[in-house]
Q: 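Attaching a single structure in structure tokens format; questions to follow.
Keep in mind the model is a prediction, meaning the values are calculated, not measured. When a residue number appears, it is its place in the shown sequence, counting from 1. Counting convention: from 1, in listed order, for ligands and their atoms alike.
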Amino acid sequence: MHDLVIRGARVVTGTDVAQMDIGILDGRIATLGEGLVGAEVVEAAGLIAMPGGIDSHVHISQPSGPGIEMADDFASASAAAACGGNTTILPFCLPEEGQSLRAAMAVYLAKAEGQCHVDFGVHLIVHRTDAQTLGQDLPALLEAGHTSFKVFMTYKGLALSDRQILDVMAVAERHGAMVMVHAENEDAIEFLRDRAESSGQIAPLYHANTRPVAVEREAVHRAITLAEIARVPLTIVHVSNGEALDEIRRARARGAQVFAETCPQYLTLTAADLDRSGFEGAKYVCSPPPRDEAEQRACWAGIERGDFELYSSDHCPFRFADPAGKDAPGARASFRNIPNGIPGIETRLPILFSEGVGKGRISLQRFAQITATNHARLYGLAARKGSIRVGADADIVLWDPNLCRPIRQADLHHGADYTPWEGFEVTGWPVATFLRGHAIMRDGELTGRAPAGRLQQRATPDTLL
Ligand code: URP
Ligand code: ZN
Ligand code: ZN
């Protein structure tokens with residue numbers, strides 16, 4: 001007897017796609033088979049059962065500069081995550097000015113307390129290399145189960161020098177952590193930005209023009225080289241183009257342990273979106289910027305070949321009609337002042353399902369790998385998360401592959417006041433999300449269950465994908 005049986009869905013497991021029942025007991029998958037009996041039964045014939053999505057790259061309540069505020073807190077971001085078919089999220093903890101990494105983590109975890117509708121882990125952002133950060137705080141947090149961190153090669157106040165990156169990587173090497181890198185060359189961007197502004201090029205489009213493919217390609221090459229020198233595995237996040245991906249492919253061919261992530265914006269948007277009339281282009285300002293159709297094709301080719309282990313949202317929401325968001329002071333006078341980032345936590349999975357699975361580019365199993373399984377393995381969650389198998393947490397999403405409707409801001413649950421994908425037609429939507437065996441979303445809406453997401457103690461990365 002199970003607490004819950006999900007009956008008759010096509011179930012996507014690590015080895016198979018087959019019609020079967022899923023028997024759930026005490027929040028875990030207890031049985032995969034036929035004719036299972038449960039206290040509660042969900043009839044799922046005609047639906048697809050997938051592992052709950054893991055979005056391992058989201059920004060929630062992150063300090064964003066004076067007067068600027070992210071549009072989501074844990075409650076709204078995780079509601080949107082659940083409604084978009086996710087059961088685990090990994091946001092970033094960034095210390096405030098003068099705050100230690102450990103103090104920042106304590107404050108950040110308090111923000112999540114009792115607010116999060118899905119399970120979560122927290123990556124660190126390391127933007128200082130003082131003795132306390134590298135000698136005490138970072139080691140303590142890595143040992144406490146926060147086993148991954150991000151470093152930046154761009155953004156004033158966040159970017160580290162090559163030496164600093166090597167020093168941080170040395171800590172990762174000692175503790176078996178995963179280093180994530182935002183690879184864009186800050187000096188080159190600053191040069192291009194100054195030149196653009198001095199010739200009056202101030203509109204949102206120039207955000208894209210001053211962060212060309214070359215600044216990403218160079219930084220990807222350099223980041224991988226540093227990781228090879230420090231002997232650590234590396235994840236290149238938000239890869240936006242074919243040349244950066246070629247650097248990754250070449251590095252792998254010589255034996256480097258490098259993993260790659262891409263995001264919906266690099267598969268479906270272009271720099272032309274930043275050139276929309278008036279200030280509309282600000283809605284699409286993110287870094288790296290969306291490129292052109294040739295680069296979209298290169299990213300799709302990478303997805304199809306299996307070059308990308310990870311597909312994440314890089315959800316980084318700011319309200320559009322808001323001086324604390326995209327319409328920040330000075331934003332209309334120069335693209336430089338527009339907060340970087342776009343919302344996408346709820347639309348990540350439907351976009352890939354529709355454009356990837358629906359259009360025959362990837363299989364259901366590949367979808368599960370790049371949206372859940374690989375995230376669990378690379379970020380130390382694989383003991384419980386990321387696949388439908390006996391013993392795992394019953395984090396399951398039911399998909400209706402035939403449900404057809406456009407993405408509309410009016411239907412979404414995030415705190416932003418727009419979606420970059422307004423009107424984008426999608427076939428295939430998640431219709432039910434189960435977190436550890438409890439329904440948290442049905443038919444696109446939260447079920448009303450109190451937020452029960454738990455902080456996950458994470459293991460060291462499993463890099464043998
Ligand atoms: O523009 C973006 N992607 N903002 C979020 C922060 C980051 O770099 O990932
Ligand atoms: Zn980044
Ligand atoms: Zn990001």
Side-chain angles (χ1 to χ4, degrees), residues 54-65 68-72 77 81 89-95 121-127 148-160 165 178-186 189 193 204-208 210-211 215-216 219-220 223 234-241 244 259-269 271 273-274 281-291 299 310-320 325-326 328 331 335-345 347-348 375 379 414-416 418 420:
I54 300 177
D55 196 342
S56 63
H57 187 157
V58 302
H59 303 269
I60 301 171
S61 290
Q62 193 176 299
S64 303
I68 305 299
E69 225 181 290
M70 276 194 178
D72 272 316
I89 55 175
L90 287 110
F92 294 86
C93 169
L94 172 65
V122 178
H123 305 293
L124 303 155
I125 290 177
V126 181
H127 68 309
S148 49
F149 60 82
K150 183 173 177 186
V151 293
F152 288 85
M153 300 169 89
T154 183
Y155 299 142
K156 274 219 160 48
L158 290 183
L160 299 182
I165 291 173
M178 175 59 80
V179 181
M180 309 158 78
V181 65
H182 180 135
E184 289 184 292
N185 180 323
E186 177 66 14
I189 293 165
R193 224 165 16 202
L205 174 65
Y206 295 101
H207 172 80
T210 56
R211 303 180 94 99
V215 307
E216 185 179 343
V220 165
L234 181 69
T235 297
I236 312 283
V237 295
H238 45 49
V239 173
S240 73
N241 68 84
F259 304 95
E261 174 199 82
T262 194
C263 312
Q265 43 274 35
Y266 308 119
L267 301 173
T268 59
L269 303 178
D273 287 306
L274 282 83
K283 290 181 174 173
Y284 301 86
V285 166
C286 62
S287 300
R291 307 290 181 185
C299 289
L310 303 170
Y311 167 78
S312 309
S313 68
D314 193 7
H315 177 73
C316 186
F318 295 98
R319 289 171 52 79
F320 176 63
K326 293 288 186 181
F335 61 89
R336 180 194 290 271
N337 301 315
I338 302 171
N340 280 210
I342 62 174
I345 199 167
T347 46
R348 168 185 80 123
H375 300 249
Y379 297 123
H414 60 198
Y418 76 98

Q: Could you tell me if the ring centre of Y155 sits under 6.0 Å from that of H182?
A: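 Yes.
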Q: Centroid-to-centroid, H57 to F92, below 6.0 Å?
A: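 Between F92 and H57, which both carry aromatic rings, the centre distance is below 6.0 Å.
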Q: Indicate whether the side chain of R193 and that of T210 have a donor and an acceptor atom separated by less than 3.5 Å.
A: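 Note: R193 and T210 side chains miss the donor-acceptor criterion.
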Q: Among protein heavy atoms, which sits nearest to atom 6 (C) of ligand 1, and what does the distance come to when rounded to 0.1 Å?
A: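 Sorting protein heavy atoms by distance from atom 6 (C) of ligand 1 puts H59 NE2, 3.5 Å first.
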Q: Confirm or rule out an N/O/S atom of K150, from backbone or side chain, lying less than 2.8 Å from the Zn ion (ligand 2).
A: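 Checking the Zn ion (ligand 2) against K150, an N, O or S atom does fall under 2.8 Å.
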Q: Starting from the Zn ion (ligand 2), look over the N/O/S atoms of H182 and name the nearest one.
A: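 Looking at H182, the N, O or S atom with the least distance to the Zn ion (ligand 2) is ND1.
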Q: Hey, do the aromatic rings of Y284 and H207 have their centres closer than 6.0 Å?
A: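 So the answer is no for these two rings.
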Q: So, the side chain of S312 versus the backbone of C263: is there a donor-acceptor pair under 3.5 Å, distance only?
A: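 No.
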Q: Just let me know how D314 lines up against ligand 1, side chain, backbone, both or neither, with a heavy-atom cut-off below 4.0 Å.
A: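 It is the side chain that touches ligand 1; the backbone stays farther off.
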Q: Which is the closest N/O/S atom of H238 when seen from the Zn ion (ligand 2)?
A: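 Closest to the Zn ion (ligand 2) among those atoms: NE2.
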Q: For atom 5 (C) of ligand 1, tell me which residue out of G341, C316, P289 has the closest non-hydrogen atom.
A: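 Selected option, by shortest heavy-atom distance: C316.
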Q: For the backbone of H59 and the side chain of H315, can you confirm whether one donor and one acceptor N or O come within less than 3.5 Å of each other?
A: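 Checked: no pair found.
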Q: Can you tell me the N, O or S atom of D314 that's nearest the Zn ion (ligand 3)?
A: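 Of all N, O or S atoms belonging to D314, OD1 is the one nearest the Zn ion (ligand 3).
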Q: Do any N or O atoms from the side chain of K326 and from the backbone of P339 form a donor-acceptor pair under 3.5 angstrom?
A: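 Side chain of K326 to backbone of P339: a pair is present.
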Q: Specify the protein heavy atom at minimum distance from atom 4 (N) of ligand 1: its residue, its atom name, and the distance to 0.1 Å.
A: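 Minimum-distance protein heavy atom for atom 4 (N) of ligand 1 reads N340 O, 3.4 Å.
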Q: Heavy atom to atom 9 (O) of ligand 1, shortest distance: which of H182, M70, K150, Q62 holds it?
A: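 That would be K150.
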Q: Should you measure from each heavy atom of C286, which atoms of ligand 1 turn up under 4.0 Å away?
A: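 Close to C286: 1 (O).
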Q: Starting from atom 1 (O) of ligand 1, find the nearest protein heavy-atom neighbour and note its residue, name and distance.
A: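 Among all protein heavy atoms, the one nearest atom 1 (O) of ligand 1 is S287 N, 2.7 Å.
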Q: Output the atom name for the N/O/S atom of H57 with the smallest distance to the Zn ion (ligand 3).
A: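 Closest to the Zn ion (ligand 3) among those atoms: NE2.
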Q: Are any side-chain N or O atoms of E216 and backbone N or O atoms of E184, one a donor and one an acceptor, separated by less than 3.5 Å?
A: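 No.
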Q: Pull out every atom of ligand 1 sitting under 4.0 Å from any heavy atom of F152, numbered as shown with elements.
A: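 Every atom of ligand 1 under 4.0 Å from some heavy atom of F152: 8 (O).
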Q: Please report the shortest heavy-atom distance between A244 and V220, naming the atom on each side.
A: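 Heavy atoms of A244 and V220 come nearest at O-CG1, 3.8 Å.
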Q: List every atom of ligand 1 that sits less than 4.0 Å from any heavy atom of H57, numbering the atoms from 1 in the order shown and giving each element.
A: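 By the 4.0 Å cutoff, the relevant atoms are 9 (O).
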